Undergrad: 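Following this message is one structure expressed as structure tokens.
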Amino acid sequence: MASVFLYHVVGDLTVGKPEMVEFYETETVESAIRAIGESTECGIPVWRKRSTPNLPGFVENSEMRQQRFVGILNSLDIVAFLAKSECLQEDKAMKIPVSEVVSPDNTLLKQVDPGTRLIDALEMMKQGVRRLLVPKSVVWRGMSKRFSILYNGKWLKNSENSSSSSGLAADSTNRPTTSMTSSRDKFCCLSREDVIRFLIGVLGALAPLPLTSISTLGIINQNYNFIEASLPAIEATRRPPCDPSAIAVLEQTENEQQFKIIGEISASKLWKCDYLASAWALANLYAGQFVMGVEDNMSSRSFSDFLQTSFPGGEQNGTTKAKKFSSRSIGFNPTSPTRLSIGRSMYRGRSAPLTCKTSSSLAAVMAQMLSHRATHVWVTEADSDDVLVGVVGYGEILTAVTKQPSAFVPSNRSYEGFSNENQS
């Protein structure tokens, strides 16, 4: 484990972070779409309103604030919600409160002190915490944990033991003191993306991990959600929740022994899309069509006509319109394929999944994720561009940088392609 995690604290990562504005569960889906577009990790924390607001002298403690946290709402949640036929029957679907959309889980966020050691914060995130709520400090004045950080070349002790020291006052002009002044009820939200961005800046301290392949580190996650390209895209929303919030769209190779990835249905891809058009496509198209962005040879319906039929390709309950559905409206840059099964070379732009190889280094994968603002990278075989092996997300990266070197798997570890046995 790199000593940089012991010498830094959470407060070091919050410099320049804006103050968090709480998004309440009573807000509308339309408001959530705007907020998600400005968020990190394609999602926003959702809160309940305070039961005793603006009372004189009332101070909300961390436990009360934790109970008000509902969960994290992402773009895939909203698109899946809007794709439901019962939602589309309602003309004011965009005005529905997000309390009907978000999945409650208040373990996804945890409030921590700015002086919390970075290694402790990483352990929290490895256990499933996706956001850290950190008080905004007016003046940075040291740590709350005993010997939590080597700051300005000196170990800082716990304030309880050092505040009575006569030498503290004399030394306070040369280094931070052991207390902290915070703006009441002002917080910033630290995401896993912020942590990865910090790690990119200290790659030298992590050596030799950054140049080690992800297969050697043993962090390729083979337990991912997937859907076959021939199935209705709406089936992706019925997969169990996972991290990252992504479903791979697969089709069999010619020998039918392996599966190749042709796209994905994920919060990352839908982050800044046209949500109504995406919902229509999710409910009306096959998974392969959804990720390819079909335009040609396709008669489509407007969003309001969705009630007539919701099964991909179905026209039995309604009429079709001459207007073509444009996949560009949901953030894709298609190549207008005319059949479902098609080579990878036909995929272009944002419709293509973000991939790396088993031989890719940890630093390269981290750089990919940050440059594309993605929550994950799909991993393919070293000698193939599309035969899927697994996925690497934030959790896997945090595991890699905090594990002991002796825990690494041998560099010659082999990964088998996706087999029929994995489907069961």
Side-chain angles (χ1 to χ4, degrees), residues 40-43 74-76 122 125-126 130 191-201 203 206 209-227 236 239 242-250 258-272 291 331-333 344 347-403 408-409 411 413 415-418 422:
T40 60
E41 292 192 35
C42 321
N74 64 37
S75 51
L76 181 57
L122 294 184
M125 289 183 166
K126 285 167 59 178
R130 301 186 189 179
S191 69
R192 294 176 297 179
E193 180 182 306
D194 296 318
V195 174
I196 302 301
R197 197 174 302 279
F198 169 81
L199 294 179
I200 283 287
L203 287 180
L206 300 177
L209 288 179
L211 298 182
T212 306
S213 70
I214 55 176
S215 60
T216 299
L217 295 174
I219 61 171
I220 301 176
N221 181 8
Q222 295 176 293
N223 298 317
Y224 53 86
N225 281 341
F226 71 94
I227 183 175
R239 297 296 187 268
C242 64
D243 182 34
S245 182
I247 300 93
V249 178
L250 310 177
Q258 297 173 314
F259 280 79
K260 62 182 181 179
I261 182 169
I262 64 173
E264 64 175 298
I265 300 174
S266 66
S268 293
K269 287 292 184 181
L270 298 172
W271 183 18
K272 296 184 179 182
V291 299
F332 293 151
N333 181 19
R344 179 183 175 87
Y347 296 90
R348 296 291 187 272
R350 292 182 61 189
S351 61
L354 186 63
T355 62
C356 67
K357 295 181 181 295
T358 56
S359 56
S360 297
S361 68
L362 179 64
V365 173
M366 292 166 60
Q368 273 187 286
M369 292 174 65
L370 289 180
S371 62
H372 291 270
R373 300 296 301 276
T375 59
H376 59 280
V377 178
W378 299 101
V379 185
T380 63
E381 291 184 344
D383 57 351
S384 173
D385 288 332
D386 50 17
V387 175
L388 188 62
V389 170
V391 65
V392 171
Y394 291 125
E396 287 73 37
I397 291 178
L398 296 181
T399 297
V401 298
T402 55
K403 69 164 53 174
F408 296 160
V409 299
S411 59
R413 175 176 176 176
Y415 285 87
E416 297 180 359
F418 195 89
N422 294 121

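Worth saying up front: this structure is predicted, and the values here are computed from it rather than measured. Worth knowing before you read on, the calculation uses all heavy atoms, side chains too, and leaves out hydrogens, waters and symmetry mates.
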Undergrad: Quick one, N221 and H376 - any side-chain contact, counting heavy atoms below 4.5 Å?
TA: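 No; the side chains remain at least 4.5 Å from each other.
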Undergrad: Sub-3.5 Å donor-acceptor pair from the side chain of K269 to the main-chain atoms of A352, do we have one?
TA: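 Yes; at least one donor-acceptor contact below 3.5 Å.
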Undergrad: Run the side-chain hydrogen bond (donor to acceptor under 3.5 Å, both in side chains) test against S75 and tell me which residues pass, sequence neighbours left out.
TA: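 By the side-chain hydrogen bond (donor to acceptor under 3.5 Å, both in side chains) rule, S75 matches no residue at all.
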Undergrad: Measuring only between side-chain heavy atoms, which start at C-beta, is V377 closer than 4.5 Å to L354?
TA: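 Sidechains of L354 and V377: in contact.
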Undergrad: Relative to each other, are the rings of F226 and F259 parallel, tilted or perpendicular (30° and 60° limits)?
TA: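 Ring orientation, 0 to 90° scale: tilted.
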Undergrad: What residues form a salt bridge (Lys or Arg N to Asp or Glu O under 4.0 Å) with R130, not counting sequence neighbours?
TA: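 Counting only residues at least two positions away or on another chain, R130 forms no salt bridge (Lys or Arg N to Asp or Glu O under 4.0 Å).
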Undergrad: Checking R373 now: which residues fulfil salt bridge (Lys or Arg N to Asp or Glu O under 4.0 Å) with it, not counting sequence neighbours?
TA: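 Once residues adjacent in sequence are excluded, the partners of R373 under the salt bridge (Lys or Arg N to Asp or Glu O under 4.0 Å) criterion are E193.
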Undergrad: Give me each pair satisfying salt bridge (Lys or Arg N to Asp or Glu O under 4.0 Å) with a member in residues 214-226, each pair once, sequence neighbours excluded.
TA: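 Listed once each, the pairs would be none.
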Undergrad: By the definition side-chain contact (heavy atoms from CB on, under 4.5 Å), identify the one residue from I220, V391, I214 that meets it with C356.
TA: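 Going through the options one by one, the only one that passes is I214.
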Undergrad: Could you check if a side-chain atom of V401 sits within less than 4.5 angstrom of a side-chain atom of L362, using non-hydrogen atoms only?
TA: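 Yes; the side chains approach each other to less than 4.5 Å.
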Undergrad: Within a strict 4.5 Å, meaning less than it, do heavy atoms of the T380 and D385 side chains meet?
TA: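 Of all side-chain heavy-atom pairs linking D385 with T380, none is under 4.5 Å.
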Undergrad: Using 4.0 Å as the upper bound for N to carboxylate O, is an ion pair formed by D383 and K357?
TA: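 No, no charged N to carboxylate O under 4.0 Å.
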Undergrad: So do R192 and D243 actually touch side chain to side chain, heavy atoms under 4.5 Å?
TA: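 Result yes, sub-4.5 Å side-chain heavy-atom pair found.
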Undergrad: Would you call I196 and L370 a side-chain contact if the rule is heavy atoms closer than 4.5 Å?
TA: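 Side-chain contact under 4.5 Å: yes.
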Undergrad: Run the side-chain contact (heavy atoms from CB on, under 4.5 Å) test against A382 and tell me which residues pass, sequence neighbours left out.
TA: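 With neighbours one apart ignored, the set is T358, S359.
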Undergrad: Sub-3.5 Å donor-acceptor pair from the side chain of E381 to the main-chain atoms of V389, do we have one?
TA: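 Between the backbone of V389 and the side chain of E381 there is no qualifying donor-acceptor contact (under 3.5 Å).
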Undergrad: Taking the side chain as C-beta and beyond, is there a heavy-atom pair between L209 and L217 under 4.5 Å?
TA: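 SC-SC contact between L209 and L217 confirmed.
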Undergrad: Quick one, S384 and Q258 - any side-chain contact, counting heavy atoms below 4.5 Å?
TA: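 They are not in side-chain contact.
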Undergrad: Using the salt bridge (Lys or Arg N to Asp or Glu O under 4.0 Å) rule, collect all pairs that involve residues 214-226, keeping only residues at least two apart or in two chains.
TA: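 Found none.
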